Amino acid sequence: MTKPRAGVRATRRRRAIAALSALAALTTLSGCTPSPTTTYVGPSGAEVTVDWADYPGSPGVDADDVLSAPPQEDIAQVEAELIADIKMALGAEFDLDWQTEGKAQWFPAGGNGFGGESAYASFNSQNYVSDTVPDGADDWRLVVDIVSTVTASRGLGPVELGHEGADADDLGERFRTDDPDEYWQWWGDAYGSSQWLSVALTDVSKDDSGEAAEEWDSFDWPAQSIALSYGATTLPEGGRAEFERRLAPFAGLDVPLATTSD
């Protein structure tokens with residue numbers, strides 16, 4: 001979403017890429033590698049051999065999660081209601097005005113990691129950016145708690161902050177402090193049912209070095225802001241029945257590692 005090093009924009013891009021192919025880390029694989037096969041005994045007692053080139057999903061993106069996601073035709077409404085609920089909940093505590101940045105995008109299905117085509121499609125919303133951000137770590141925690149309450153109520157789970165569990169040395173170098181309460185940005189994601197909500201809280205004035213402000217100056221976003229975006233990996237309109245038909249021979253099988261970098 002926002003800064004290349006701050007985490008949120010990179011998170012959105014990683015989500016979109018992973019949702020389409022889950023192959024971002026596999027770019028060195030050869031397209032000539034044959035697709036794997038799996039043989040198992042079917043319900044009738046006969047052996048069944050499946051070629052993973054026919055798999056309708058992709059490694060790293062659970063097919064059951066995608067089936068539980070809203071269908072493509074409902075995504076716009078789901079996004080609108082989720083963002084509206086978050087804005088309303090935050091507005092009950094803080095005086096915020098919002099603007100939109102960028103535009104929503106659909107990413108068509110790509111390769112399935114085995115030389116075939118995935119049926120998945122991924123969506124990234126526009127960014128919703130507030131005109132300011134509450135002051136102080138306690139209020140930042142309250143923002144995260146409020147967003148988490150809304151996302152959890154809609155099946156996405158709570159927001160997991162990017163700096164929690166991350167490499168402390170890298171964060172210390174990035175933010176010039178070991179205290180997360182003094183970071184000039186927090187970012188995180190709520191994820192569930194093949195959907196995600198990304199949030200970033202930013203206040204570049206907390207960086208005394210001025211580097212954050214200089215970095216931020218190349219963007220048109222407020223220097224103090226809350227930023228939200230929504231995304232999902234789902235099935236194209238009218239594509240559920242065909243997806244389930246293609247998926248059926250692979251039901252219960254462990255998806256192997258990708259063999260192509262589609």
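These numbers come from a predicted model, not from an experiment.
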Would the number of heavy atoms belonging to other residues, nucleotides or ligands and lying under 6.0 Å from [atom1] of [X] be above 12?
| X | atom1 | value |
| --- | --- | --- |
| Glu160 | CD | no |
| Asp208 | CG | no |
| Glu214 | CD | no |
| Asp95 | CG | no |
| Asp167 | CG | yes |

Trace of the side chain to side chain contact (heavy atoms under 4.5 Å, CB included) decision for Thr49 with Tyr40: CA-CA 6 Å; Thr49 298; Tyr40 62 92; over 6 Å; no

Lys/Arg N to Asp/Glu carboxylate O, Glu164 vs Arg141, below 4.0 Å: no

Please report the closest heavy-atom contact between [X] and [Y], naming both atoms and the distance.
| X | Y | answer |
| --- | --- | --- |
| Ile75 | Ala232 | CD1-CB, 3.8 Å |
| Ala63 | Tyr55 | CB-OH, 4.0 Å |
| Arg176 | Ser209 | NE-OG, 3.4 Å |
| Ala212 | Asp207 | N-OD2, 2.7 Å |
| Phe114 | Pro36 | CD2-CD, 3.7 Å |
| Ser130 | Ser225 | O-CB, 3.4 Å |

Is the shortest side-chain heavy-atom distance between [X] and [Y] below 4.5 Å?
| X | Y | result |
| --- | --- | --- |
| Glu211 | Trp184 | no |
| Thr202 | Trp187 | no |
| Leu67 | Leu247 | yes |
| Leu90 | Trp98 | yes |
| Ile83 | Glu79 | yes |
| Phe175 | Pro180 | no |
| Thr234 | Phe123 | no |
| Ser198 | Asn127 | no |

Short side-chain to backbone donor-acceptor contact, [X] and [Y], under 3.5 Å:
| X | Y | result |
| --- | --- | --- |
| Asp131 | Asp97 | yes |
| Lys206 | Asp181 | yes |
| Asp85 | Val150 | no |
| Trp140 | Val133 | no |
| Ser193 | Gln195 | no |
| Asn112 | Ala53 | yes |
| Trp216 | Pro222 | yes |
| Trp52 | Gly113 | no |
| Ser148 | Val159 | yes |
| Ser118 | Gly57 | yes |

How far does [atom1] of [X] sit from [atom2] of [Y], to the nearest 0.5 angstrom?
| X | Y | atom1 | atom2 | value |
| --- | --- | --- | --- | --- |
| Glu93 | Asp139 | CD | CG | 8.5 Å |
| Leu161 | Trp186 | CG | CH2 | 6.5 Å |
| Asn124 | Trp106 | CG | CH2 | 10.0 Å |
| Leu96 | Tyr128 | CG | OH | 16.0 Å |
| Leu235 | Glu73 | CG | CD | 9.5 Å |
| Thr177 | Tyr183 | OG1 | OH | 7.0 Å |

Criterion side chain to side chain contact (heavy atoms under 4.5 Å, CB included) on Asp138 and Leu142, from CA distance to verdict: CA-CA 6 Å; Asp138 287 342; Leu142 180 56; over 6 Å; no

Using a distance-only test with no angle check, is there a side-chain donor-acceptor pair under 3.5 angstrom linking Ser122 and Thr233? yes

Is there a path of hydrophobic side-chain contacts, each under 4.5 Å between heavy atoms of I/L/V/M/F/W/Y residues, joining Val144 to Met88? no

Examine Leu253 and Val66 and state if one hydrophobic cluster contains both, with Ile, Leu, Val, Met, Phe, Trp and Tyr joined whenever side-chain heavy atoms are less than 4.5 Å apart. yes

Side chain to side chain contact (heavy atoms under 4.5 Å, CB included) for Asp54 and Phe250? Distances and angles first, verdict last. CA-CA 9 Å; Asp54 299 325; Phe250 300 91; 4.1 Å; yes

With sequence neighbours excluded, residues passing side-chain hydrogen bond (donor to acceptor under 3.5 Å, both in side chains) with Ser205: Asp203

Residues Asp51, Thr37; criterion side chain to side chain donor-acceptor pair (under 3.5 Å); working and verdict: CA-CA 4 Å; Asp51 187 331; Thr37 60; over 6 Å; no

In sequence, state the C-alpha distance, the side-chain angles, and the governing distance for Tyr230 and Thr151, and then conclude on side chain to side chain contact (heavy atoms under 4.5 Å, CB included). CA-CA 11 Å; Tyr230 167 81; Thr151 55; over 6 Å; no

Applying salt bridge (charged side-chain N to carboxylate O under 4.0 Å, His left out), which residue pairs with at least one partner in residues 223-240 are found, sequence neighbours left out? Arg240-Glu244

